[in-house]
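Below: the structure, in structure tokens.
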Amino acid sequence: QVQLVESGGGLVQPGGSLRLSCVASGIIVSSYTMGWYRQGPGNPRELVADITSAGNTNYLGSVKGRFTISRDNAKNTVYLQMNSLTPEDTAVYYCNARRYRSPTQVEDFWGQGTEVTVSS
């Protein structure tokens with residue numbers, strides 16, 4: 001029974017910061033590519049940032065330099081530090097764990113999401 005539980009969302013003013021957490025159970029996060037996705041109103045779900053099992057990171061262009069993804073293996077937790085937030089960052093943020101056992105065999109798990117609203 002795999003669970004990804006996000007927390008840390010809320011209402012923040014433009015220019016503010018939030019840190020999202022994703023606590024995993026049933027998997028070891030260091031064995032997966034862990035990602036943060038978001039879905040804003042009327043928009044498709046998009047990848048915000050991810051971190052591979054080797055520690056390599058990747059960011060959506062519009063968040064590069066503002067957001068940082070990290071992993072704490074001892075806590076089996078992934079974080080997304082979000083700084084300099086703008087209204088365009090408003091979305092439901094989802095935690096994802098993915099591991100390809102072969103090019104056609106994938107393990108793919110999602111959390112329930114946490115809402116982030118950036119507004120004055």
Side-chain angles (χ1 to χ4, degrees):
Q1 294 77 27
V2 175
Q3 283 198 112
L4 304 175
V5 180
E6 303 100 329
S7 62
L11 175 64
V12 65
Q13 292 187 330
S17 297
L18 286 173
R19 189 178 75 156
L20 307 183
S21 299
C22 172
V23 179
S25 59
I27 64 166
I28 303 299
V29 300
S30 62
S31 298
Y32 289 75
T33 295
M34 303 297 301
W36 287 98
Y37 291 72
R38 69 185 182 188
Q39 186 168 21
N43 295 322
R45 188 174 298 188
E46 64 183 351
L47 176 67
V48 178
D50 62 18
I51 181 168
T52 70
S53 60
N56 299 312
T57 58
N58 176 62
Y59 295 92
L60 179 67
S62 61
V63 311
K64 191 180 296 291
R66 299 189 296 122
F67 291 11
T68 303
I69 189 170
S70 62
R71 183 181 65 213
D72 187 332
N73 294 337
K75 296 181 179 179
N76 211 35
T77 298
V78 177
Y79 303 96
L80 185 68
Q81 178 67 46
M82 305 187 295
N83 298 326
S84 302
L85 286 161
T86 76
E88 289 69 42
D89 297 316
T90 295
V92 178
Y93 284 72
Y94 297 91
C95 182
N96 172 256
R98 186 173 298 152
R99 181 175 67 176
Y100 286 91
R101 308 307 300 270
S102 76
T104 59
Q105 298 176 17
V106 64
E107 298 176 353
D108 194 18
F109 305 105
W110 293 90
Q112 82 291 340
T114 185
E115 295 185 7
V116 171
T117 302
V118 184
S119 176
S120 60

**Message:** Could you check whether atom CD of E46 has more than 12 heavy atoms from other residues, nucleotides or ligands sitting under 6.0 Å from it?
**Reply:** yes
**Request:** Could you tell me whether the side chain of V29 reaches within less than 4.5 Å of the side chain of T77, counting heavy atoms only?
**Result:** no
**Non-hydrogen atoms of S25 and N76 that approach each other most closely** = N-ND2, 4.4 Å
**Complete:** Rounded to the nearest 0.5 angstrom, the OG1-CG distance for T52 and N56 is 4.0 Å
**Asked** Heavy-atom count around K64 NZ within 6.0 Å, excluding the residue itself: above 12?
**Response** yes
**Asked** About how many Å separate SG of C22 and CZ of R71, when rounded to the nearest 0.5 Å?
**Response** 12.5 Å
**Request:** Could you tell me whether a side-chain N or O of Y59 sits under 3.5 Å from a main-chain N or O of I69, the two making a donor and an acceptor?
**Result:** yes
**Fill in**
Nearest heavy-atom approach of S21 to W36 is O-CH2, 3.6 Å
**Asked** Would a 4.5 Å heavy-atom cut-off, applied to side chains only, mark Q81 and S70 as touching?
**Response** no
**Prompt:** Do F109 and L47 share a hydrophobic cluster, counting only Ile, Leu, Val, Met, Phe, Trp and Tyr and linking them when any side-chain heavy atoms are less than 4.5 Å apart?
**Reply:** no
**Prompt:** Less than 4.5 Å apart, any side-chain heavy atom of R66 and any of T86?
**Reply:** yes
**ILVMFWY cluster, I27 and Y37 together (side-chain gap under 4.5 Å)** = no
**Asked** Any donor and acceptor pair, going by atom type alone, linking the side chain of Q39 with main-chain N or O of A91 inside 3.5 Å?
**Response** no
**Asked** Closest heavy-atom contact between G8 and L18?
**Response** O-CD2, 3.7 Å
**Item:** Pairwise distance OH(Y93) to OG(S7) - rounded to 0.5 angstrom
**Value:** 15.0 Å
**Request:** Please report the closest heavy-atom contact between C95 and M34, naming both atoms and the distance.
**Result:** SG-CE, 3.9 Å
**Request:** Report yes if some heavy atom in the side chain of M82 is under 4.5 Å from a heavy atom in the side chain of L20; otherwise report no.
**Result:** yes
**Asked** Is Q3 atom CD crowded by more than 12 heavy atoms from other residues, nucleotides or ligands, each under 6.0 Å away?
**Response** no
**Request:** Classify the ring geometry between W110 and Y94 as parallel (under 30°), tilted (30 to 60°) or perpendicular (over 60°).
**Result:** perpendicular
**Asked** Quick check: does any side chain N or O of T90 sit under 3.5 Å from a backbone N or O of V118, one acting as donor and the other as acceptor?
**Response** yes
**Asked** Which atom pair, heavy atoms only, marks the closest approach of P14 to S119?
**Response** CD-C, 3.6 Å
**Prompt:** Can you tell me how far the OG1 atom of T68 sits from the CG atom of N83, to the nearest 0.5 Å?
**Reply:** 7.0 Å
**Asked** Does V12 share a hydrophobic cluster with V48, counting links as ILVMFWY side-chain heavy atoms below 4.5 Å and allowing steps through other members?
**Response** yes
**Six-ring centre of Y79, R19 cation under 6.0 angstrom, axis tolerance 45°** = yes
**Request:** Would you name the heavy atoms of G113 and V92 that are closest together and state the gap between them?
**Result:** CA-CG1, 3.9 Å
**Asked** So do V63 and R38 actually touch side chain to side chain, heavy atoms under 4.5 Å?
**Response** yes
**Prompt:** Do NZ/NE/NH1/NH2 and the carboxylate oxygens of D50 and R98 come within less than 4.0 Å?
**Reply:** no
